[in-house]
Amino acid sequence: MDFHRTSSYLVTASDDESIRLYDVGSATCLKTINSKKYGVDLVCFTSHPTTVIYSSKNGWDESLRLLSLNDNKYLRYFKGHHDRVVSLSLCARKECFISGSLDQTVLLWDQRAEKCQGLLRVQGKPTTAYDEQGVVFAIAYGGYIRMFDSRKYEKGPFDIFSVGEDVSDTNVVKFSNDGRLMLLTTSDGHIHVLDSFRGTLLSTYNVKPISSNSMLEASFSPEGMFVISGSGDGSVYAWSVRSGKEVASWMSSEMEPPVIKWAPGSLMFATGSSELSFWIPDLSKLGAYVDRK
């Protein structure tokens, strides 16, 4: 799922092969679009609040699609991958995006062109992310995060960060909003937080490992002070970046890790599993929290 950066919309992709558009302010579903032919896996908003890019899940057509939610019309197909797309990241400042696939390639795209603008070969399952400014992007696999200058990526990574001995499959790599921190999740249930300038590993949080067909997702809070994450047992955890300690947890009867996202610039996050949930703070406890801090 994905929050739009400037509007109050949330888009979700579901195992029932549907894409749903929600109004966050009223927590109502505005539209449901079925993708029975192609299936749907990853979904991201473009800069336009009713246009998304999504990947398929049918196993026979690995094209990415630019879809108008207004009229359920495909605006463009992006063809180039030959296996399932497992990572998708759109640049916040430009009309470009990157995708990583099990075919061990990372492709760079312009939303206005059907053919990819660049290709990088990797040796593993890649996870990708742009920073907020669109100047740098990261590709993670095999226990390392490779940092690229988006203007001269063809020269290779300008830096490579290690996450220790954790070489399990990468799931999600993300930058904090201010670009100072990065996080990386892996299938063994580890959430690594790094300094994005020096590559220093600041802390590692541990949750239950996930199954091979699941994804462990984590997210920075908007100001970068906290990290929230799902877990292989379906629970949700929150940690303080400053202290590295767990500050909250919410148990669940689910057996799969939830998809999890912070709303941009808001004290709210959403989780998705068999149901979609919106979470807001208990303001009655705010005074006690401020005193303790």
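Residues take their numbers from the sequence shown, with the count starting at 1.
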Would you tell me whether Gln111 and Arg76 have side-chain atoms, one donor and one acceptor, within less than 3.5 Å of each other?
no
Walk me through whether Gln133 and Arg93 qualify under side chain to side chain donor-acceptor pair (under 3.5 Å).
CA-CA 6 Å; Gln133 304 301 318; Arg93 302 299 177 95; 3.2 Å; yes
Does any part of the side chain of Leu107, heavy atoms only, come nearer than 4.5 Å to the side chain of His81, both counted from C-beta?
yes
If I take atom CG from residue Asp159 and atom OG from residue Ser196, how far apart are they, to the nearest 0.5 angstrom?
10.5 Å
Leu194 side chain near Thr200 side chain, heavy-atom distance below 4.5 Å
no
Leu90 vs Phe45 side-chain heavy atoms within contact, under 4.5 Å:
no
Ignoring hydrogens, what is the shortest heavy-atom contact between Val173 and Thr127? Give both atom names and the distance.
N-CG2, 3.1 Å
Show, in sequence, the C-alpha distance, side-chain angles and deciding distance for Ser273 and Glu256, and conclude whether the side-chain contact (heavy atoms from CB on, under 4.5 Å) test is met.
CA-CA 8 Å; Ser273 50; Glu256 293 290 336; over 6 Å; no
Can you get from Leu183 to Ile228 by hopping between Ile, Leu, Val, Met, Phe, Trp and Tyr side chains that sit under 4.5 Å apart?
no
Quick one: are Tyr153 and Phe137 in side-chain contact, heavy atoms under 4.5 Å?
yes
Kindly compute the distance separating OG (Ser243) from CE (Met225), expressed to the nearest 0.5 Å.
9.5 Å
After noting the C-alpha distance and the side-chain angles of Asp195 and Arg180, does the key distance pass the salt bridge (Lys or Arg N to Asp or Glu O under 4.0 Å) rule?
CA-CA 6 Å; Asp195 182 304; Arg180 295 178 180 273; over 6 Å; no
Backbone N or O of Gly224 within a donor-acceptor pair of the Ser176 side chain at under 3.5 Å?
no
Do side-chain atoms of Thr185 reach the backbone of Leu216 as a donor and acceptor pair under 3.5 angstrom?
yes
Could Lys57 and Glu17 be called an ion pair, given the rule that one side-chain N must be under 4.0 Å from one carboxylate O?
no
Atom NZ of Lys245 with >12 non-hydrogen neighbours under 6.0 angstrom:
no
Establish whether Leu181 and Phe226 are linked, either directly or via other cluster members, by ILVMFWY side-chain heavy-atom contacts under 4.5 Å.
no
Heavy-atom side-chain contact between Leu75 and Thr51 under 4.5 Å:
yes
Would you mind checking if Arg65 and Asp61 are paired as a salt bridge, meaning a charged N to carboxylate O distance below 4.0 Å?
yes
What heavy-atom pair brings Pro258 and Thr271 nearest, and what distance separates the two atoms?
CB-CB, 4.2 Å
Geometric class of the His190/His192 ring pair [parallel <30°, tilted 30-60°, perpendicular >60°]
tilted
Salt bridge Glu217-Lys174, side-chain N to carboxylate O under 4.0 Å
yes
Quick one: does Asp83's side chain have a donor or acceptor within less than 3.5 Å of a partner on Val85's backbone?
no
Is there a donor-acceptor pair closer than 3.5 Å between any side-chain N or O of Asp131 and the backbone N or O of Phe175?
no
Hydrophobic cluster identity match, Leu276 and Val11, side-chain contacts under 4.5 Å:
no
How far apart are the closest heavy atoms of Tyr237 and Met251, and which atoms are they?
OH-CE, 3.8 Å
Does atom CG of Leu267 have more than 12 heavy-atom neighbours, drawn from other residues, nucleotides or ligands, at distances under 6.0 Å?
no
Lys NZ or Arg CZ of Arg146 over Tyr141 ring: under 6.0 Å, within 45°:
yes
If you measure only the distance, is there a donor-acceptor pair under 3.5 Å linking the side chains of Asp103 and Thr105?
yes
Quick check for you: to the nearest 0.5 Å, what is the distance between Ser63 atom OG and Tyr38 atom OH?
8.0 Å
Between Met182 and Leu184, is there a shared hydrophobic cluster once you connect ILVMFWY residues whose side-chain heavy atoms come closer than 4.5 Å?
yes
Do you know the tightest heavy-atom contact between Gly244 and Trp239?
O-CD1, 4.2 Å
Please determine whether a side-chain nitrogen of the Lys or Arg among Asp71 and Lys73 lies less than 4.0 Å from a carboxylate oxygen of the Asp or Glu.
no
Over 12 non-hydrogen atoms of neighbours within 6.0 angstrom of OH in Tyr144:
no
Please lay out, stage by stage, how Leu120 and Leu108 fare under the test side-chain contact (heavy atoms from CB on, under 4.5 Å).
CA-CA 8 Å; Leu120 295 168; Leu108 293 86; 4.2 Å; yes
If I compare all heavy atoms of Ser99 with all of Leu88, which pair ends up nearest, and what's the gap?
CB-CD1, 4.2 Å
Residue pair Leu102 / Lys125, side-chain heavy-atom distance below 4.5 Å
yes
Taking side chain as C-beta onward, heavy atoms only, is Arg20 less than 4.5 Å from Thr32?
yes
Using modelled atom types only, decide if a donor and an acceptor are shared between the side chain of Asp233 and the backbone of Lys208 within a distance under 3.5 Å.
no
Within one Ile-Leu-Val-Met-Phe-Trp-Tyr cluster: Trp60 and Val40, side-chain cutoff 4.5 Å
yes
Taking NZ in Lys79 as the centre, count heavy atoms belonging to other residues, nucleotides or ligands within less than 6.0 Å. Is the count above 12?
no
State, without any angle test, whether Trp250 and Ser235 hold a side-chain donor-acceptor pair at a distance under 3.5 Å.
no
We want to know whether Asp188 and Thr186 form a side-chain donor-acceptor pair, criterion being a heavy-atom distance below 3.5 angstrom.
no
Audit row: Asn70, Thr50, side chain to side chain donor-acceptor pair (under 3.5 Å) steps and yes/no
CA-CA 6 Å; Asn70 274 334; Thr50 57; 3.2 Å; yes
Are any of the side-chain heavy atoms of Tyr130 and Val136 separated by less than 4.5 Å?
no
Rounded to the nearest 0.5 Å, the OG atom of Ser252 sits from the CD atom of Glu275 at a distance of 8.0 Å
Quick check for you: to the nearest 0.5 Å, what is the distance between Tyr54 atom OH and Cys44 atom SG?
13.5 Å
Determine whether more than 12 heavy atoms belonging to other residues, nucleotides or ligands lie under 6.0 Å from atom OH of Tyr9.
no
Ion pair present between Lys261 and Asp2, side-chain N to carboxylate O less than 4.0 angstrom?
no
Ring centroids only, cut at 6.0 angstrom: are Tyr74 and Tyr77 within range, meaning strictly under it?
yes
Any idea which heavy atoms bring Ser101 and Pro126 closest together, and the distance?
O-CD, 3.2 Å
Could you go through the side-chain contact (heavy atoms from CB on, under 4.5 Å) check for Gln117 and Cys96 one step at a time?
CA-CA 9 Å; Gln117 308 298 297; Cys96 54; over 6 Å; no
According to ring-ring contact (aromatic ring centres under 6.0 Å, His included), does anything in residues 87-117 pair up with another residue at least two apart or in another chain? List the pairs.
Phe78-Phe97, Phe78-Trp109, Phe97-Trp109
Euclidean distance, Ser14 OG relative to Asp41 CG, rounded to 0.5 Å:
11.0 Å
Intermediate values then yes/no, side-chain contact (heavy atoms from CB on, under 4.5 Å), Val122 and Val106:
CA-CA 7 Å; Val122 299; Val106 172; 4.1 Å; yes
